[in-house]
Amino acid sequence: MHRLVVMVVVAPGLALAVAASAAENNLPLTAPVPGGVAVICVGRTPETAPHVLFDGQRVLVARSGDAWHAVVGLPLSLKPGAYELSVQESRKSARTVRFDVRTRRYETQHLTLANRRHVDPGPADLLRIAREQELLLRAFSTWNDRTLDLVTFDLPSEGRFSSGFGLRRFLNNEPRQPHTGVDIAAPEGTPIAAPAAGSVIEIGDYFFNGLTLVLDHGQGLVTMYNHLSRIEVTKGARVARGERIGAIGSTGRVTGPHLHWSVSLNNVRVDPALFLPRESRGELLTGFLPAARGGAAAASAPSRCEEEPAAK
């Protein structure tokens with residue numbers, strides 16, 4: 001599949017571009033790469049949002065201006081190429097919207113941990129880890145139809161960005177899974193605030209993640225906060241944007257006090273920097289180098305919905 005029906009424009013220039021239809025700043029940056037977010041116009045139906053699927057998974061749909069946009073999380077394991085969304089509007093046949101996924105290169109990080117169990121867990125630890133992973137996967141798969149006016153976040157805590165998203169990690173020189181969040185290093189006790197309104201759907205003390213909190217923001221948009229020194233909300237609580245939810249700590253597998261912040265979209269962990277305001281994301285997106293023809297960086301912007309997307 002090579003022809004695009006709804007085009008995600010790719011051109012030489014800057015590594016990222018703000019969506020033209022996101023002038024209201026209610027959508028994240030579009031970065032159609034593994035670990036990124038594709039923001040794709042899916043039509044101008046007057047009131048009800050269309051039902052959109054990617055790889056069989058429901059995806060977030062938000063209005064920006066007079067158009068509906070699908071906000072699609074792309075797995076780090078996704079291969080570059082052409083992909084499809086299934087778009088279903090009321091009383092109409094489902095149609096296909098195609099988009100292109102480009103390549104992104106991620107850097108390598110080497111860390112040294114003194115606690116050998118956090119590199120090679122024992123049998124009892126592995127059983128605990130499996131139980132905890134099941135709980136977190138259930139939380140990440142949460143879906144509700146809450147309407148989102150803003151699909152953007154405030155920075156949850158002040159501090160130094162110590163590790164970016166997607167780093168290929170080596171722990172004590174042994175390869176591990178890529179880094180699926182952003183690390184913010186700060187003194188223990190530094191406040192953490194909800195980056196957007198949401199509901200507390202999971203709280204726990206995990207082997208790797210330490211004290212952990214998970215927020216559901218609606219339509220498959222879920223955020224996680226790890227290594228906390230304390231949690232200041234209860235499971236089931238509804239929190240407002242900017243409300244304090246906990247404090248930075250050094251619980252779990254860490255080399256020092258920091259917040260590990262993950263963003264999950266349609267049950268896919270994606271780069272949190274794409275959801276931040278310009279003044280917060282610059283440092284995190286430094287070195288964002290999608291491979292392009294001739295080695296140049298690639299810019300991308302979503303379709304502008306100037307015409308209704310064509311059906312396949």
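Note that the structure is predicted; figures quoted are calculated from it, not measured.
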Closest heavy-atom contact between [X] and [Y]?
X    : Y    : result
V214 : A139 : CG1-CB, 4.1 Å
N144 : G218 : OD1-CA, 3.5 Å
P34  : R102 : CD-O, 3.0 Å
L228 : G246 : CD2-CA, 4.3 Å

Is there a path of hydrophobic side-chain contacts, each under 4.5 Å between heavy atoms, that joins [X] and [Y]?
X    : Y    : answer
L274 : F161 : yes
I231 : V222 : no
W143 : L136 : no

Mind checking whether [X] and [Y] have side chains closer than 4.5 Å, heavy atoms only?
X    : Y    : answer
T48  : W68  : no
V101 : L74  : yes
H69  : C41  : yes
V233 : L213 : yes
T103 : V33  : no
T96  : V87  : no
L221 : V263 : yes
V37  : T30  : no

Contacts of [X] that satisfy side chain to side chain contact (heavy atoms under 4.5 Å, CB included) - sequence neighbours left out:
X    : result
E232 : R230, R244, A247
S141 : N267
S157 : T190, I192, I248, L259
A185 : R160, S162, H258

Straight-line distance of [X] [atom1] to [Y] [atom2], nearest 0.5 Å:
X    : Y    : atom1 : atom2 : value
D271 : S262 : CG    : OG    : 10.5 Å
L135 : Q133 : CG    : CD    : 10.5 Å
L211 : S229 : CG    : OG    : 7.5 Å
T212 : H260 : OG1   : NE2   : 9.0 Å

Pair V71-V59, side chain to side chain contact (heavy atoms under 4.5 Å, CB included): steps then yes or no: CA-CA 7 Å; V71 184; V59 302; over 6 Å; no
For F275, enumerate each residue passing the ring-ring contact (aromatic ring centres under 6.0 Å, His included) test, keeping only those at least two apart in sequence or located in another chain.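 Counting only residues at least two positions away or on another chain, F275 forms a ring-ring contact (aromatic ring centres under 6.0 Å, His included) with F153.
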Do any side-chain atoms of residues 194-203 form donor-acceptor pairs under 3.5 angstrom with protein atoms, and if so which ones, sequence neighbours left out?
from, atom 1, to, atom 2, distance (Å)
S199, OG, R238, NH1, 3.4
E202, OE2, Y206, OH, 3.3

Here's one to test your reading of the geometry: is the NZ or CZ of R269 within 45 degrees of the ring axis of F140 and under 6.0 Å from its centre?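 That pair qualifies as a cation-pi contact.
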Please name all residues satisfying side chain to side chain donor-acceptor pair (under 3.5 Å) with [X], sequence neighbours left out, ordered by chain then number.
X    : answer
T223 : H217, Y225
T142 : none
N209 : none

E158 atom CD, over 12 foreign heavy atoms within 6.0 Å: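 Check fails, neighbour count at 12 or below.
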Can a donor-acceptor pair be found, under 3.5 Å and without considering hydrogens, that links the side chain of Q219 to the backbone of R146? yes
Can E188 and S250 be said to form a side chain to side chain contact (heavy atoms under 4.5 Å, CB included), step by step? CA-CA 7 Å; E188 187 152 333; S250 53; 3.4 Å; yes
Would you please name every residue forming a salt bridge (Lys or Arg N to Asp or Glu O under 4.0 Å) with D154, sequence neighbours left out? R241
Among V39, L60, V61, N26, which residue satisfies the side chain to side chain contact (heavy atoms under 4.5 Å, CB included) criterion with V151?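 Running side chain to side chain contact (heavy atoms under 4.5 Å, CB included) over V39, L60, V61, N26 with V151 returns exactly one hit, L60.
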Could you give the side-chain donor-acceptor pairs of residues 50-57 under 3.5 Å, partners two or more places apart or in another chain?
from, atom 1, to, atom 2, distance (Å)
H51, ND1, R58, NE, 3.3

Audit row: I245, V239, side chain to side chain contact (heavy atoms under 4.5 Å, CB included) steps and yes/no: CA-CA 8 Å; I245 57 175; V239 297; 4.3 Å; yes
So W261 and M224, side chain to side chain contact (heavy atoms under 4.5 Å, CB included) or not? Walk me through it. CA-CA 6 Å; W261 178 40; M224 181 173 70; over 6 Å; no
Here the salt bridge (Lys or Arg N to Asp or Glu O under 4.0 Å) pairs for residues 213-226, sequence neighbours left out, are none
